[in-house]
Amino acid sequence: MYNYRILEQVTRKPKAASKLLKKVMIVFAVLFVLMGIAISQGFMLPGFLLVLLYFVYDVFSQKDYEYILEDNILTIDVILGKRYRRTEHILDMRELEVVAPNQHPSVAKYRKNGGTEKLKKYDYTSYDENVPYYTMIVLEDREKIKLLLDLNEEMLQMLKKSYPDKVFV
């Protein structure tokens, strides 16, 4: 019907204590290494392990999401630490049930508290209070899932044009 490719990248907002935790890990790592030099080499191993832990935490604490809508396929990738990409979902939009803002009545039966249907939920939002997010209910591998997404206007309009009775803006 339409040939299109829409790409959107969403950066997850870091948690408040993330920066503080990173600084504490660095301070303790330097302290342990200095104690290893001055007092006993037994302090060196915890210092180096804290440096390793810092780099692992740095990779897993930074999350970006990429939504690619191409023809009737929505692909959702997770990018960890701006280095490692993993494809989480490849969804056929012909299996779409509904896309609506989170508080819209069409997704009321899927809400956490008060909804009648319980679905597996995947959250790919930025956690930014100023960005509205949308709930998407779609079939994946013959199982209905709930996705929380920060969709841009272009992607919403293309979905609305392709599936007018299933997309609420």
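No hydrogens, no waters, no symmetry mates; every other heavy atom, side chains included, goes into these values.
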What is the minimum heavy-atom distance between G47 and V33, and which atoms define it?
CA-CG2, 4.1 Å
Charged N to carboxylate O below 4.0 Å: is that the case for R86 and D77?
no
Quick one: are D58 and K22 in side-chain contact, heavy atoms under 4.5 Å?
yes
Distance col, row D71:CG vs M158:CE, nearest 0.5 angstrom, shows 9.5 Å
Run the numbers on R12 and Y127 for side chain to side chain contact (heavy atoms under 4.5 Å, CB included), then give the verdict.
CA-CA 6 Å; R12 178 159 279 183; Y127 288 161; 3.6 Å; yes
Shortest non-hydrogen pair, S126 vs V10, comes out as CB-CG1, 3.6 Å
Does CD in Q41 sit with more than 12 non-hydrogen atoms of other residues, nucleotides or ligands closer than 6.0 Å?
no
Could you check whether R85 pairs with E66 (Lys NZ or Arg NE/NH1/NH2 to Asp/Glu carboxylate O, under 4.0 Å)?
yes
Hey, does L91 have a side-chain heavy atom less than 4.5 Å from the side chain of I73?
no
Would you say the side chains of D150 and Y133 form a donor-acceptor pair under 3.5 Å?
no
With clusters defined by side-chain heavy atoms of hydrophobic residues (ILVMFWY) lying less than 4.5 Å apart, directly or transitively, does V78 cluster with F60?
yes
Value rounded to 0.5 Å, distance of CD1 in I68 from CG in L74
9.0 Å
Could you state whether L31 and F43 fall into the same hydrophobic cluster, counting links through intermediate Ile, Leu, Val, Met, Phe, Trp or Tyr residues with side-chain heavy atoms under 4.5 angstrom apart?
yes
E97/K144 ion pair, N-O < 4.0 Å:
yes
Answer yes or no: does atom NZ of K118 have more than 12 heavy-atom neighbours from other residues, nucleotides or ligands under 6.0 Å?
yes
Heavy atoms from other residues, nucleotides or ligands near NZ of K63 exceed 12 (cutoff 6.0 Å)
no
Tightest non-hydrogen contact, residues V51 and A29, listed as CG2-CB, 3.7 Å
Heavy atoms, side chains only, cut-off 4.5 Å: are V99 and K166 in contact?
no
Does the S61 side chain pair with the main chain of Y57, one donor and one acceptor, at a distance under 3.5 Å?
yes
Hey, does E70 have a side-chain heavy atom less than 4.5 Å from the side chain of I6?
no
Please tell me if the side chains of L69 and M93 come closer than 4.5 Å, counting only heavy atoms from C-beta onward.
yes
What is the distance from atom CG of D165 to atom NZ of K160, rounded to the nearest 0.5 Å?
8.5 Å
d(Y134 OH, N152 CG) to nearest 0.5 Å is 9.5 Å
Does a salt bridge link K13 with D128, judged by any charged N lying under 4.0 Å from a carboxylate O?
no
Determine whether I145 and L119 make a side-chain contact, defined as any pair of heavy atoms from C-beta on separated by less than 4.5 Å.
no
Any pair with a residue in residues 63-118 that passes ring-ring contact (aromatic ring centres under 6.0 Å, His included), sequence neighbours left out, goes on the list, sorted by first then second residue, please.
Y65-Y124, H89-Y122, H89-Y124, H104-F168
Looking only at heavy atoms, which two atoms of I79 and R83 are closest? And how far apart?
CG2-N, 4.2 Å
Please report the shortest heavy-atom distance between M136 and L149, naming the atom on each side.
CE-CD1, 3.9 Å
Closest non-hydrogen atom pair, L159 against V167:
O-CG2, 3.6 Å
Can you get from I39 to L49 by hopping between Ile, Leu, Val, Met, Phe, Trp and Tyr side chains that sit under 4.5 Å apart?
no
Single-linkage hydrophobic cluster M25~L52, side-chain heavy atoms < 4.5 angstrom
no
Taking the side chain as everything from C-beta on, heavy atoms only, tell me whether I76 gets closer than 4.5 Å to L147.
yes
Is V24 reachable from Y54 through a run of hydrophobic residues whose side-chain heavy atoms are each under 4.5 Å from the next?
yes
Spatial distance of atom CG (L20) from atom NZ (K15) [nearest 0.5 Å]
14.5 Å
CZ (F48) and CG (L53) are apart, to the nearest 0.5 Å, by 15.0 Å
Are any non-hydrogen side-chain atoms of V131 and T125 less than 4.5 angstrom apart?
no
CZ of R111: more than 12 outside heavy atoms within 6.0 angstrom?
yes
Intermediate values then yes/no, salt bridge (Lys or Arg N to Asp or Glu O under 4.0 Å), D64 and K82:
CA-CA 7 Å; D64 293 336; K82 302 195 186 303; 3.4 Å; yes
